[in-house]
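In what follows, a structure is listed as structure tokens, so that the remarks can point back to it.
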Amino acid sequence: MFSKLRTEGRGWPLAVQLTAWYSTASFLLVALATMLLYLGLADNIRQISEQMLIDELDVCRALVKVRGGDNHALREEVEVDSAIRKYQQFMVRVLDPNGKALATTPGMDEAMSAAYLEHAQAGRMNTVFWLESPHGVPYRAIVAKVPRDPQGKELWTLQVAVDLTEEQDVLGHHRTWIAIILAAALVFCPWIGFIIARRGIKPLRQVAETARHISSTTLNERIRTEGYPEEIAALAHTFNDMLERLEESFARLSRFSADIAHELRTPVNNIRGESEVALARTRTPEEYRDVLGSCLEEAVRLSELIESLLFLARSESPGDHLKRTREDLGVLLAGLQDYFEATASDNGVALTVQSGQGVIAEVDRKLIQRALSNLVSNALSHSQKGGRIALSAERQDKHIRVQVRDTGSGITPEALPRIFDRFYRGDPARSRDSGGSGLGLAIVQQIIYLHGGDVQIASDVGKGTTVTVVLPAAA
Ligand SMILES: Nc1ncnc2c1ncn2[C@@H]1O[C@H](COP(=O)(O)OP(=O)(O)O)[C@@H](O)[C@H]1O
Ligand SMILES: [Mg+2]
């Protein structure tokens, strides 16, 4: 039963630990309670027996006073008194000042002599003391001097003793019961403890059991949260939240794979179709050149797509692969302006750069260039003749804000939330013509995240789009 619970070297299972704590505590409690009860009982019995001994002494003392002169009567009283008692068999001996026994309870001389008692008393006059007879029987006794006459000239000695065998039997009986109770507690405390502990952690096992059953194909399953104690319900909720996220990223991943297959299929099909048509009959060299040209175009698009996918895959693996250098972002923007100048003027679009002071950041230059050029290329392809594209960089406290603003077509509010999704294209037909695969903004976002920055898009349909990139400034 325990072996199933045990996991490699991770300490004892919870049920066992709880059982150990519970049973130790409850056993100690039982032991302490019975021990205290026993001690209380023993003390009580002793007190009562002592009190009765003293009472008996007082009775004898009165007897000496009343019957002191008549030894025969005294002896009779002493012997009769012992004969009528059933419990607490007192033994009484009355001695005159010379130590001669005047009256003795029958059997007392056999139990212990007057001298033996005198010796055991050892000066404790009028005090109850404990002794063992020569035969090994335990007694409680008291010795006192009593005046026979009112003047107190003649002092007699009273020896009163009581056999403790019965009292010790009673206590022994109790000790046996205590031993039985403790032995039972030793068995039942761990047993009941284990049952309680198992009941307590049962929901935990159920949660673990459900979690074990969930695989990538059953990610839609959830752990039951009602009917559990608060803590376990919280655990189940946490688990369900995690499943929710897992399900989401699994769905995204499979959508992504489907998209990849779809994106790769189109150019490959194009190449195949054109080649098949070209090979159907003999063609002129010009026709072959045309087909090869468009095949090359498709191949270039394919390799760009693959390169983008590889980039995204690589940049997703954990770890900082950035080759950071101190870069002036104003200078980078100026470089981009140079690069896109020709295309912009061909399209009749004005491209301007505005850069503030101290726009220095520690970045991977190649990656930031790639991200920014993706943004400028988007702005260009969505701008009409006469449009304006403004690039700007400015320092804001510990950050640098780079903006790419255009006066182009803008993005619809429905499309805006999906703009950074991989393969998402606002207008697929137009986008593919311009070579866009829908990965551009995904790559931008990835690069900016890698640098510990953030990127946001604001857009008004018909008015234009503003992309804002925030990067940590260099110290
Ligand atoms: N500056 C912009 N103006 C208008 N629409 C834009 C702009 N930038 C991006 N978009 C929209 O976002 C979509 C995704 O952009 P992107 O990820 O770069 O993919 P691609 O450029 O390959 O289409 C584009 O298809 C386009 O619809
Ligand atoms: Mg793009």
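One-based numbering, in listed order, for ligands and for the atoms of each. The model shown is predicted, which means the values in this text are computed figures rather than measured ones.
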Atoms of ligand 1, numbered as shown, that sit under 4.0 Å from any heavy atom of A379: 1 (N)
Polar side-chain atom of Q337 near backbone of L351 as donor-acceptor pair, under 3.5 Å: yes
Geometric class of the H173/W177 ring pair [parallel <30°, tilted 30-60°, perpendicular >60°]: perpendicular
Whether N378 has an N, O or S atom under 2.8 Å from the Mg ion (ligand 2): yes
Which segment of D406 sits under 4.0 Å of ligand 1 when only heavy atoms are counted: side chain
Nitrogen or oxygen of N378 less than 3.5 angstrom from that of ligand 1: yes
Close approach, G410 and ligand 1, non-hydrogen under 4.0 angstrom: yes
Closest non-hydrogen atom pair, R395 against Q357: CB-O, 3.8 Å
Exercise: identify the closest heavy-atom pair between R388 and T407: N-OG1, 2.8 Å
Proximity of I411 to ligand 1 by residue part, where a heavy atom lies under 4.0 Å: side chain
Region of R425 that comes within reach of ligand 1 [heavy atoms, distance under 4.0 Å]: both
Part of S459 with heavy atoms under 4.0 Å of ligand 1, whether side chain, backbone, both or neither: neither
Under 3.5 Å donor-acceptor, R418 side chain and A415 backbone: no
Flag, side chain of S355 to backbone of E394, donor-acceptor distance under 3.5 Å: no
4.0 Å heavy-atom contact, I419 with ligand 1: yes
Any N/O pair A442/ligand 1 closer than 3.5 Å: no
N/O donor-acceptor pair under 3.5 Å between Q456 side chain and T468 backbone: no
